[in-house]
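Hydrogens, waters and symmetry mates play no part in the numbers below; they use all other heavy atoms, side chains included.
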Amino acid sequence: MKKTSFQHMPCPVAQALEVIGDSWNVLILREAYYGAKRFDDFAQALGIPTNTLARRLKELVAGGILERHPYSEKPTRYEYLLTSRARDLRPLMLVLLQWGNRYGNMDAARTMLVDSYTGEPVDLVLVDRVTGLPVSSRHRVLRQRHGSPTPHSFAFPEPEAEPG
């Protein structure tokens with residue numbers, strides 16, 4: 001089955017999805033963050049069909065997310081290592097982890113980000129690196145649509161507070 005291409009869509013979210021691809025790619029990337037490097041590591045951790053895994057690894061290498069390095073010559077075998085592009089995706093993966101713990105169909109969080117010194121769970125927030133302020137409705141997305149001479153300003157809605 002051929003996936004939909006967003007290559008020509010002038011949108012940074014679409015361009016990111018073009019490289020990251022589908023859910024298998026995200027799960028392969030998750031395993032790479034957890035230390036998987038070899039084809040068999042990914043196959044065992046994910047239970048993914050080998051033809052699907054081979055295709056997805058090839059896509060992630062072509063997208064600059066993973067690099068392929070030989071670790072054995074006879075037979076030739078490769079490791080798949082995270083690139084700087086993949087390391088830049090780390091915040092997205094951590095936010096997905098936190099979101100999944102909150103809204104996923106699990107009885108309790110089985111995987112969480114914790115502080116290495118205190119062992120306490122980390123509650124992620126998105127902050128502006130320049131000001132150190134949390135990103136909020138005071139921050140806007142400027143979006144210039146194709147054919148429009150000026151960008152339009154959009155505020156992402158803030159999450160609602162939990163009922164007390």
Engineer: What is the distance from atom CE of Met93 to atom CG of Asp88, rounded to the nearest 0.5 Å?
Structural biologist: 13.5 Å
Engineer: Distance from Leu27 atom CG to Asp22 atom CG, nearest 0.5 Å?
Structural biologist: 9.0 Å
Engineer: Look at the side-chain heavy atoms of Ile, Leu, Val, Met, Phe, Trp and Tyr, link any pair under 4.5 Å apart, and say whether Leu96 and Val19 land in one connected group.
Structural biologist: yes
Engineer: Can a donor-acceptor pair be found, under 3.5 Å and without considering hydrogens, that links the side chain of Asp128 to the backbone of Val135?
Structural biologist: no
Engineer: May I have the step-by-step check of side-chain contact (heavy atoms from CB on, under 4.5 Å) for Thr50 and Phe39, ending in yes or no?
Structural biologist: CA-CA 9 Å; Thr50 56; Phe39 188 93; 4.0 Å; yes
Engineer: Looking only at heavy atoms, which two atoms of Ile65 and Ala86 are closest? And how far apart?
Structural biologist: O-CB, 3.2 Å
Engineer: Would a hydrophobic clustering, with Ile, Leu, Val, Met, Phe, Trp and Tyr connected at side-chain separations under 4.5 Å, put Leu94 with Ile28?
Structural biologist: no
Engineer: What closest approach, in Å, do Gln15 and His8 show between heavy atoms, and which atom pair accounts for it?
Structural biologist: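 Closest pair (atom of Gln15, atom of His8, distance): NE2-N, 4.4 Å.
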Engineer: Can you name the nearest heavy-atom pair linking His139 to Pro134, along with the distance?
Structural biologist: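 Looks like CE1-O, 3.5 Å.
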Engineer: Are Leu29 and Leu92 connected in a single hydrophobic cluster, I mean Ile/Leu/Val/Met/Phe/Trp/Tyr linked by side-chain heavy atoms less than 4.5 Å apart?
Structural biologist: yes
Engineer: Any chain of hydrophobic side-chain contacts (each under 4.5 Å) joining Leu57 to Leu17?
Structural biologist: no
Engineer: Would you give the length of the straight line joining atom OG of Ser72 to atom CD of Glu79, rounded to the nearest 0.5 angstrom?
Structural biologist: 10.5 Å
Engineer: Given the rule that I, L, V, M, F, W and Y join up when any side-chain heavy atoms are under 4.5 Å apart, are Val26 and Leu97 in one cluster?
Structural biologist: no
Engineer: For Ala36 versus Asp41, what's the shortest heavy-atom pair and its separation?
Structural biologist: CB-CB, 3.8 Å
Engineer: With side chains defined as the heavy atoms from C-beta onward, is the minimum distance between His69 and Leu81 less than 4.5 Å?
Structural biologist: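 Yes, side chains in contact.
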Engineer: Any donor and acceptor pair, going by atom type alone, linking the side chain of Thr83 with main-chain N or O of Gly64 inside 3.5 Å?
Structural biologist: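 It does hold such a pair.
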Engineer: Where do Arg138 and Leu133 land on the side-chain contact (heavy atoms from CB on, under 4.5 Å) test, with the steps shown first?
Structural biologist: CA-CA 10 Å; Arg138 72 178 276 229; Leu133 295 172; 2.6 Å; yes
Engineer: So among Arg30, Glu59, Arg55, which one has a side chain to side chain donor-acceptor pair (under 3.5 Å) with Asn25?
Structural biologist: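 It is Glu59, the one option of Arg30, Glu59, Arg55 that forms the side chain to side chain donor-acceptor pair (under 3.5 Å) with Asn25.
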Engineer: Could Arg68 and Tyr78 be counted as a cation-pi pair, given that NZ or CZ must be under 6.0 Å from the ring centre and within 45° of the axis?
Structural biologist: yes
Engineer: Is Tyr33 reaching over with its side chain to a backbone N or O of Arg90, donor-acceptor style, under 3.5 angstrom?
Structural biologist: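 Yes, the answer is positive, given that a donor and an acceptor are paired below the 3.5 Å cut-off.
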Engineer: Start with the C-alpha distance between Glu120 and Val114, add both sets of side-chain angles, then the distance that settles side-chain contact (heavy atoms from CB on, under 4.5 Å), and finish with yes or no.
Structural biologist: CA-CA 5 Å; Glu120 293 297 315; Val114 297; over 6 Å; no
Engineer: Tyr71 and Arg38: side-chain contact (heavy atoms from CB on, under 4.5 Å), yes or no, with the steps?
Structural biologist: CA-CA 9 Å; Tyr71 71 87; Arg38 298 180 178 176; 3.4 Å; yes
Engineer: Do you know which two heavy atoms are closest between Ser153 and Arg140, and how far apart they sit?
Structural biologist: OG-NE, 2.6 Å
Engineer: Specify the closest pair of heavy atoms between Leu60 and Ile20, including all atoms of both residues, with the distance to one decimal.
Structural biologist: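 The pair with the smallest heavy-atom distance is CD2-O, 4.3 Å.
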Engineer: Any side-chain to backbone donor/acceptor pair from Glu31 onto Leu46? Under 3.5 Å, distance only.
Structural biologist: no
Engineer: With a 3.5 Å distance limit and no angle check, can you tell me whether Glu67 reaches the backbone of Tyr80 through a side-chain donor-acceptor pair?
Structural biologist: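 Checking the backbone N and O of Tyr80 against the side chain of Glu67, no donor-acceptor pair under 3.5 Å is found.
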Engineer: May I ask you to test the Pro121-Met112 pair for a side-chain heavy-atom distance under 4.5 Å?
Structural biologist: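 Result yes, sub-4.5 Å side-chain heavy-atom pair found.
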Engineer: Tell me whether Gln44 at atom CD has more than 12 heavy atoms from other residues, nucleotides or ligands lying less than 6.0 Å away.
Structural biologist: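 Open: at most 12 neighbouring heavy atoms sit under 6.0 Å from CD of Gln44.
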Engineer: Would the distance check show the side chain of Arg87 and the main-chain N or O of Leu82 forming a donor-acceptor pair, the cut-off being under 3.5 Å?
Structural biologist: yes
